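For reference, the structure is listed below as structure tokens.
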Amino acid sequence: MWSGRRWIAGWLATAGLIGLLWGCPTAERAKEEEGPVTLVFKHGQIEGNPAAFQKLLRQFEATHPGILVRDETLPSSSDQQHQFYIIGLEGGSADFDLLSLDVIWVQEFARAGWLRDLSPLFPPAARAAFFPGPVDAALFEGRAYAIPWFLDAGLLYYRRDLLEKYRLDPPRSWSDLAAAAQTVLREERDPQLRGYVWQGKQYEGLICNVLEVLWSAGAEVLDEKGRVVLAGAAATEALTFLRDLIGEGRVSPPMVTTADEETTRRLFGEGRALFMRNWPYAWVLFQKEGSAVRGKVGVVPLPHFPGHASAAALGGWQLGINRFSRHPKEAEALLLYLTSPEVQRTMAIETGYNPTRKALYEDPALAAAQPFTAGLRDLFLSARPRPVSPYYPMLSQIMQPEFSAALVGIKPPERALHDAALQMKHLLGEPVR
Ligand code: GLC
């Protein structure tokens, strides 16, 4: 029999051996003794069913002992979130580990050295399962700095009951939309009812709305070589059309020039608009019990000008890891979990967030629970990205005040486009004639 001391020594040796076999060096053990790692995950407002999202985070904690997740919500506007990150990351902040990034920022952040290189986590073979547009936006100089989380694309929502009442078809062209709105507003004589609401406030959403109209007239911001081609007859015609929709008693109320996604979503959701441009997230909210428009809404692609195709802006959010994070490995585990097929399926069903994985659009469980989402596959495949460039946020900052000035009527559209193009050329170092 072992004496007490020999027993303790033997136990220590065995424990040490087990420790070695498990690859558990002293430093790591010390870390474990300090308690669990708390990951800070920053993201925008979760619409739909935020409780379901919380449940997913708790499930992650349950399957990853030693990791706790504290999620922190930022304001819903993309511009405000961008501002928050720029300030923090420029200062090398390690206050957050995982961050959700608008598709349009990844290049800028990667170039600045603020994001962890995720190429080993997201190799080409893994990328093939995702839609190509957001994957492209996650790469910078061939390396991956984010993994696509959910997708967005612009859509036209319409009041099916009102169009049916006046035997009108959902519009295909912009002039169909204007004519239908004028008919319904005239006949309904409802002072609360508006025609077409969209996002015309001076912010990123304005760029999406204006570009969709410009693209649907055949205009472009940059050509395939990256040269600025924004100003031109097609762009002028499209921006003038959009401006002329706005006015008291016209197709779009003046409030659109200060409206964002939620302002218009609420107005349409209260039954006070015939048409609305918005992202897919609004659908789930309209179908909720108690919604004034439940069962009365339809969606179609956005209208276009004659001879051109309809265009939806590609939006969406990606997940990246702060390069200054003290817990990059744990953050990677959370990132992989949140972009996994299972979590994306649950998010699609519960919160109406659209998966970035193509196969989920063929998934029977998703199709049964959320046929609307399953039907968006083609829209996402054809949606158009805003210019993919580390300079995009600066291009947007140039276009925003110019588009806004044209829409509120303080600058002729042609002048606004010309001024925007000139500043963009300066920024990109193009010769200016
Ligand atoms: C949505 C889109 C995002 C876009 C933003 C504009 O959040 O997903 O890509 O930039 O709206 O408001």
Side-chain angles (χ1 to χ4, degrees), residues 42-48 53 73-86 99-109 130-131 133-138 146-157 197-215 221 256-266 276-285 302 311-320 338-339 344 347-348 351-356 373 376 379-380 383-389 391-400 403-404 407:
K42 291 272 186 196
H43 57 79
Q45 182 92 27
I46 302 290
E47 310 288 347
F53 178 62
T73 306
L74 290 170
S76 57
S77 138
S78 167
D79 305 62
Q80 282 169 307
Q81 294 185 42
H82 184 252
Q83 197 65 18
F84 168 86
Y85 288 127
I86 295 271
L99 60 154
S100 77
L101 300 135
D102 196 334
V103 278
I104 52 179
W105 314 332
V106 181
Q107 301 245 325
E108 179 199 28
F109 285 23
F130 290 72
F131 281 91
V135 167
D136 196 34
I147 300 187
W149 189 27
F150 63 86
L151 278 175
D152 265 336
L155 278 173
L156 184 73
Y157 289 79
V197 294
W198 43 282
Q199 298 86 47
K201 174 178 146 180
Q202 188 176 316
Y203 79 125
E204 185 57 33
L206 168 70
I207 302 295
C208 300
N209 281 252
V210 172
L211 290 189
E212 285 166 342
V213 178
L214 261 57
W215 287 328
V221 180
V256 294
T257 59
T258 54
D260 61 14
E261 286 86 355
E262 276 296 87
T263 327
T264 47
R265 198 270 299 167
R266 275 191 223 106
M276 173 184 68
R277 181 269 175 214
N278 216 321
W279 308 105
Y281 82 96
W283 177 265
V284 175
L285 302 172
L302 286 162
L314 177 69
W317 293 75
Q318 320 247 19
L319 293 176
L338 288 170
T339 52
Q344 289 207 0
M347 290 279 289
T351 62
Y353 283 30
N354 308 293
T356 48
T373 304
L376 294 174
L379 177 79
F380 291 138
R384 299 197 43 173
R386 285 156 276 172
V388 178
S389 151
Y391 303 107
Y392 175 77
M394 284 194 260
L395 295 176
S396 171
Q397 289 302 318
I398 291 173
M399 290 187 281
Q400 287 183 24
F403 290 170
S404 176
L407 294 176

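Since we're looking at a predicted model, the values are computed, not measured. Atoms within each ligand, like the ligands themselves, are counted from 1 in listed order. Along the sequence shown, residues are numbered consecutively beginning with 1.
- Each of the following atoms of ligand 1 lies closer than 4.0 Å to a heavy atom of Arg386: 3 (C), 4 (C), 9 (O), 10 (O).
- For the pair Phe131/Pro148, no side-chain contact is recorded, criterion being any heavy-atom separation below 4.5 Å from C-beta on.
- Residue contacts with ligand 1: Gln199 is excluded, as none of its non-hydrogen atoms falls under 4.0 Å.
- Under the side-chain hydrogen bond (donor to acceptor under 3.5 Å, both in side chains) test applied with Tyr203, the options Gln400, Gln80, Glu261 reduce to a single match, Glu261.
- Near Gly205, meaning under 4.0 Å from one of its heavy atoms, ligand 1 places the atoms 6 (C), 12 (O).
- Ranking protein heavy atoms by distance to atom 11 (O) of ligand 1, first place goes to Trp279 NE1, 3.2 Å.
- Ligand 1 has a nitrogen or oxygen under 3.5 angstrom from a nitrogen or oxygen of Gly316.
- The side-chain heavy atoms of Glu262 and Tyr281, taken from C-beta on, include a pair separated by under 4.5 Å.
- The shortest side-chain heavy-atom distance between Glu47 and Tyr353 falls under the 4.5 Å cut-off.
- Side chains of Glu108 and His82: a donor-acceptor N/O pair is present below 3.5 angstrom, by distance only.
- Below 4.0 Å from some heavy atom of Asp152 lie the following atoms of ligand 1, by number and element: 1 (C), 2 (C), 7 (O), 8 (O).
- Counting only heavy atoms of the protein, atom 10 (O) of ligand 1 lies nearest to Asp102 OD2, 2.6 Å.
- Residue Tyr203 approaches ligand 1 through these ligand atoms, each under 4.0 Å from one of its heavy atoms: 12 (O).
- More than 12 heavy atoms of other residues, nucleotides or ligands sit less than 6.0 Å from atom CZ of Phe84.
- Any N or O atom pair closer than 3.5 Å counts here, and Trp317 shares at least one such pair with ligand 1.
- Annotation: side chain of Lys42 is in contact with side chain of Tyr85 (closest heavy-atom distance under 4.5 Å).
- For ligand 1, the atoms lying closer than 4.0 Å to a non-hydrogen atom of Glu261 are 6 (C), 11 (O), 12 (O).
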